[in-house]
There are 2 protein chains.
Amino acid sequence: MAETAGQRRSKTRIRILAACRQLFNERGPSSVTTAEIAATLGINEGNLYYHFQRKEQILEALFAEFENRLREAASVYQSYGDDIRRYPDYLSGWFTLMWRWRFFYRDAAAVHRLSPSLRPRLKALSDDGQNHIREALNGMQAAGLISIPEQEMEALIVNSWIVSTYWIDYLRSRHGISEVTRVHLNWGAAQVMSLFRPFLTPKWTALTETSSPPASASPEEEKG
Amino acid sequence: MAETAGQRRSKTRIRILAACRQLFNERGPSSVTTAEIAATLGINEGNLYYHFQRKEQILEALFAEFENRLREAASVYQSYGDDIRRYPDYLSGWFTLMWRWRFFYRDAAAVHRLSPSLRPRLKALSDDGQNHIREALNGMQAAGLISIPEQEMEALIVNSWIVSTYWIDYLRSRHGISEVTRVHLNWGAAQVMSLFRPFLTPKWTALTETSSPPASASPEEEKG
DNA sequence: GTCTATAATGAGATAGAC
DNA sequence: GTCTATCTCATTATAGAC
């Protein structure tokens with residue numbers, strides 16, 4: 001266990017994972033070569049293969065890290081208890097995570113091909129995402145923040161999932177934006193929010209105007 | 001000119017383009033190899049290279065064909081004159097085209113890499129798509145079929161573009177659907193329509209209930 | 001027009017010295 | 001842990017016989 005932890009925390013290993021998350025988010029895991037990863041870090045390709053014998057293992061390590069972040073976000077959500085403010089904050093936090101690890105959503109086909117063993121976990125991730133939207137919307141409905149006709153609910157959930165998964169690719173393809181800043185992130189969140197807007201109640205408006213803005217993530221985390 | 005036309009109409013050339021449109025729609029142009037294209041057609045790779053010296057040229061020929069179909073659709077739309085029925089029919093026709101050539105939208109990054117010369121034409125295509133949505137919505141607004149607050153219009157146009165571009169990838173990644181039938185196509189159209197539904201007027205409902213359903217495309221065209 | 005054979009490239013991966 | 005050198009393999013593309 002001690003040497004495993006030692007290997008897991010190796011400085012180079014951590015740098016590789018950080019660089020890969022950024023590169024994969026920018027151009028997708030299948031068009032980023034091992035040569036490019038090594039060059040980005042200023043290390044040799046052979047060294048890269050010392051830490052990860054297969055490209056597949058990089059994806060698996062990244063996914064494990066992502067799962068941990070998701071668990072953290074879920075426990076923060078729980079910690080709010082019945083505080084009504086948990087809904088906007090949860091949506092915001094969840095959206096930030098989807099953005100930071102967006103290649104797992106956007107390039108799911110490539111991930112499946114490179115790392116077939118991740119398939120069931122990716123499916124679970126995708127199911128969870130939709131269930132979380134559903135749960136949050138039901139909660140907001142019960143709290144009187146939103147009023148959605150029963151027959152519109154499923155279509156709205158699906159559209160939320162699609163827009164929040166692909167808005168970043170929209171920015172790239174339509175506006176040539178390759179580096180996403182907080183301004184773009186806010187734009188994307190507003191875009192998803194606009195799906196709900198026809199259904200928001202005055203109570204929601206009052207809530208979001210008085211609640212404090214969500215803590216901004218650290219800038220170095222922002223760039224990926 | 002005569003021999004050019006002769007080469008353009010060559011039977012094998014046409015079969016190559018048809019097979020490629022289908023394969024590219026299924027798995028994207030960059031993961032479909034020339035070996036696979038040749039095998040699908042039961043011809044030799046060398047023969048494939050007789051008709052298209054570079055993979056890039058296949059993409060260019062396919063894009064030219066797509067542009068022709070778009071021009072046809074635009075002229076059908078014009079031929080309706082002021083007939084109010086042009087809006088639902090136009091949306092339906094445009095949506096069918098986007099679906100049949102969806103890899104140009106979904107795999108735009110891969111297309112750019114393989115065929116850099118197509119970049120400006122892809123940009124124009126994307127601009128046109130959004131402008132057509134905008135024009136149709138403005139027309140419907142003027143005709144009293146729909147009532148959208150000014151400040152919601154742009155967000156709605158963007159969401160329409162995103163959902164109609166990526167709904168097919170949603171079906172694949174969330175529901176494992178690899179072969180799309182007319183049922184799925186209708187599902188996608190309904191998904192886009194649900195974005196407008198909060199804004200539809202009774203006049204729209206009356207119109208769509210009395211208008212005849214759009215002619216279904218031929219089944220063999222459906223499969224791509 | 002179509003085939004066989006083969007070159008050229010580039011990406012993933014390994015062996016072994018340091 | 002990191003490097004150099006090398007291997008294997010898939011994919012694009014070409015040459016030339018039929």
Side-chain angles (χ1 to χ4, degrees), chain A residues 2-20 23-24 26-62 103 107 109-118, chain B residues 2-20 23-24 26-62 103 107 109-118:
Chain A
E3 71 248 36
T4 302
Q7 199 193 357
R8 281 196 184 280
R9 287 158 190 278
S10 138
K11 200 137 194 167
T12 301
R13 187 188 157 96
I14 290 168
R15 286 179 63 227
I16 291 170
L17 292 176
C20 284
L23 288 168
F24 292 174
E26 281 164 13
R27 298 203 315 290
S30 65
S31 48
V32 174
T33 66
T34 50
E36 187 178 3
I37 296 167
T40 300
L41 291 164
I43 67 172
N44 189 278
E45 240 183 302
N47 188 6
L48 177 65
Y49 275 91
Y50 167 79
H51 292 280
F52 296 95
Q53 287 92 339
R54 326 220 160 269
K55 204 177 170 184
E56 182 181 0
Q57 291 171 1
I58 299 179
L59 280 169
E60 280 161 11
L62 283 173
F103 72 92
D107 303 312
V111 175
H112 283 145
R113 193 167 43 75
L114 288 166
S115 251
S117 70
L118 286 182
Chain B
E3 71 248 36
T4 302
Q7 201 194 355
R8 281 195 183 280
R9 288 161 191 277
S10 136
K11 199 136 193 169
T12 302
R13 188 188 156 95
I14 290 169
R15 286 178 63 226
I16 291 169
L17 291 176
C20 283
L23 288 169
F24 292 175
E26 282 164 12
R27 298 203 316 288
S30 64
S31 48
V32 173
T33 67
T34 50
E36 187 178 3
I37 296 167
T40 299
L41 292 163
I43 67 172
N44 189 278
E45 244 182 301
N47 188 6
L48 177 64
Y49 275 92
Y50 167 79
H51 291 280
F52 297 95
Q53 286 91 339
R54 327 223 158 267
K55 205 177 168 183
E56 182 180 359
Q57 293 171 1
I58 299 179
L59 280 170
E60 281 162 10
L62 282 173
F103 72 92
D107 303 312
V111 175
H112 284 146
R113 192 167 43 75
L114 288 165
S115 249
S117 70
L118 287 182

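Just so it is clear: chains get the letters A, B, ... in the order the sequence lines come, proteins before strands, and each one is counted from 1. As a basis for the values below, the full set of heavy atoms in this structure was taken, side chains included, without hydrogen atoms, waters or symmetry mates.
In this structure, CG of A:Leu48 is placed 14 Å from P of D:dT4, rounded to the nearest angstrom. In this structure, B:Ile14 places its CD1 atom 15 Å from C1' of C:dG1, rounding to the nearest Å. Rounded to whole Å, the distance from CG on A:Leu41 to P on D:dG1 is 15 Å. Regarding B:Ile16, its CD1 atom lies at a distance of 11 Å from the C1' atom of C:dG1, rounded to whole Å.
The backbone N or O of A:Leu118 lies less than 3.5 Å from no partner atom in the side chain of A:Ser115, so there is not a single donor-acceptor pair.
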| field | Where protein sits on nucleotides 3-18 of chain C, one letter per nucleotide: B base, S sugar-phosphate only, - none, heavy atoms under 4.0 Å | value | BB------SSBB----
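Here the side chains of B:Phe52 and B:Leu17 are in contact, with some heavy-atom distance below 4.5 Å. Using a 4.5 Å heavy-atom cutoff, the side chains of B:Phe103 and B:Leu62 are in contact. Residues A:Phe24 and A:Asp107 fail the side-chain proximity criterion, which asks for heavy atoms closer than 4.5 Å. You'll find the side chain of A:Leu59 stays beyond 4.5 Å of the side chain of A:Lys55, heavy atoms only.
For residues 31-41 of chain B, the salt bridge (Lys or Arg N to Asp or Glu O under 4.0 Å) pairs, not counting sequence neighbours, are B:Arg27-B:Glu36.
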